[in-house]
J.: 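Can you read through this structure? Questions will come right after.
Quick caveat: nothing in here was measured; it's all calculated off a predicted structure. Note that the numbering runs from 1 along the sequence shown for the chain.
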Amino acid sequence: MAKTLGVHIVADLYGCDPEILKSAEKMAEVFEGAVRHANLNKLSAYYHQFEPYGATGVVVISESHLSFHTWPEHGYVAIDVYTCGDHENAFKAFDYIVEKLQPERVEKDVHFRGVVNEEEEVTFCASVG
């Protein structure tokens, strides 16, 4: 099995609660919770509240980052979860975010970054999908 250095989950969540999406503080609670739930190592975070509503934020972790950009008027949030640690932790963080935001629809792409031994067959986590 080839080794990959990181997993990057890029997702669009539709049909989320606008009351959560319009608040940087509420979104921060979700993302800080995801970091704790997945046992990631937070280094810093920055959240910005837009006026009249909407938010963006990033949590820098020693394993890489989690980020979001919201459009509450559309019930939409774009998120990234990228870790170079245990791949399962990326999926734990992502699943936590989805559980808290309860979207009606999720579109996600999973990118395995840094395949370091291309001569071996590449096998990825079963939780992709």
J.: Grouping I, L, V, M, F, W and Y whenever their side-chain heavy atoms are under 4.5 Å apart, do Tyr53 and Leu13 come out in a common cluster?
T.: no
J.: Mind checking what makes side-chain contact (heavy atoms from CB on, under 4.5 Å) contact with Asp86, not counting sequence neighbours?
T.: Glu88, Asn89
J.: Suppose clustering is done on Ile, Leu, Val, Met, Phe, Trp and Tyr with side-chain heavy atoms closer than 4.5 Å. Which residues sit in the same group as Trp71?
T.: Tyr14, Tyr76
J.: Check whether Thr70 reaches the backbone of Ala55 with its side chain - one donor and one acceptor, N or O, closer than 3.5 Å.
T.: yes
J.: Can you sort out the partners of Glu19 under salt bridge (charged side-chain N to carboxylate O under 4.0 Å, His left out), two or more places apart, ordered by chain and number?
T.: Lys22
J.: Using ring-ring contact (aromatic ring centres under 6.0 Å, His included) as the criterion, list what pairs up with Phe94, not counting sequence neighbours.
T.: none
J.: Which atom names give the shortest non-hydrogen contact between Val81 and Ala90, and what distance separates them?
T.: CG1-O, 3.7 Å
J.: Compare all side-chain heavy atoms of Val116 with those of Leu5 and state whether any distance is below 4.5 angstrom.
T.: yes
J.: Assess the residue pair Thr4 and Val115 against the criterion (side-chain contact (heavy atoms from CB on, under 4.5 Å)); give the C-alpha distance rounded to whole Å, side-chain angles, the decisive distance to 0.1 Å, and a yes or no.
T.: CA-CA 4 Å; Thr4 60; Val115 177; 3.8 Å; yes
J.: Are Val98 and Val110 linked, directly or through other ILVMFWY residues, by side chains that come within less than 4.5 angstrom of each other?
T.: yes
J.: Using 30° and 60° as the class limits, which term best fits the ring planes of His8 and His111: parallel, tilted or perpendicular?
T.: perpendicular
J.: Got a sec, which pairs hit side-chain hydrogen bond (donor to acceptor under 3.5 Å, both in side chains) with one end in residues 96-106, sequence neighbours left out?
T.: Arg105-Glu107
J.: I need the minimum non-hydrogen distance between Tyr47 and Ala24, along with the two atoms involved.
T.: CB-CB, 4.3 Å
J.: Could you tell me which non-hydrogen atom of Ala38 sits nearest to which non-hydrogen atom of Lys92, and how far apart they are?
T.: CB-CB, 3.9 Å
J.: Rounded to the nearest 0.5 Å, how far does CG of Leu40 lie from CD1 of Ile61?
T.: 4.5 Å
J.: About how many Å separate SG of Cys16 and NE2 of His74, when rounded to the nearest 0.5 Å?
T.: 13.5 Å
J.: Could you check if a side-chain atom of Leu101 sits within less than 4.5 angstrom of a side-chain atom of Met27, using non-hydrogen atoms only?
T.: yes
J.: Going only through I, L, V, M, F, W and Y residues with side-chain contacts under 4.5 Å, is there a path from Val58 to Tyr82?
T.: no
J.: Could you grab the distance from atom OG of Ser67 to atom OH of Tyr46, nearest 0.5 Å is fine?
T.: 14.0 Å
J.: Describe, in one word, how the ring planes of His48 and Phe50 are oriented to each other, choosing from parallel (under 30°), tilted (30 to 60°) and perpendicular (over 60°).
T.: perpendicular
J.: Compare every heavy atom of Lys26 with every heavy atom of Ser23, then report the nearest pair and how far apart it is.
T.: OG-N, 3.0 Å
J.: Are the side chains of Leu21 and Phe68 in touch, meaning some heavy atoms are under 4.5 Å apart?
T.: no
J.: Of the non-hydrogen atoms in Ala34 and Leu66, which two are nearest, and what is the gap between them?
T.: CB-CD2, 4.2 Å
J.: Taking atom NZ of Lys108 and atom CD1 of Ile79, what is their separation to the nearest 0.5 Å?
T.: 9.5 Å
J.: Distance from Ile9 atom CD1 to Asp80 atom CG, nearest 0.5 Å?
T.: 9.5 Å
J.: For the residue pair His87 and Gly6, what are the closest heavy atoms and their distance?
T.: CE1-C, 3.8 Å
J.: Quick one: do the Thr83 and His65 side chains pair a donor with an acceptor below 3.5 Å?
T.: no
J.: Of all residues at least two apart in sequence or in a different chain, which pass the ring-ring contact (aromatic ring centres under 6.0 Å, His included) check with His69?
T.: none
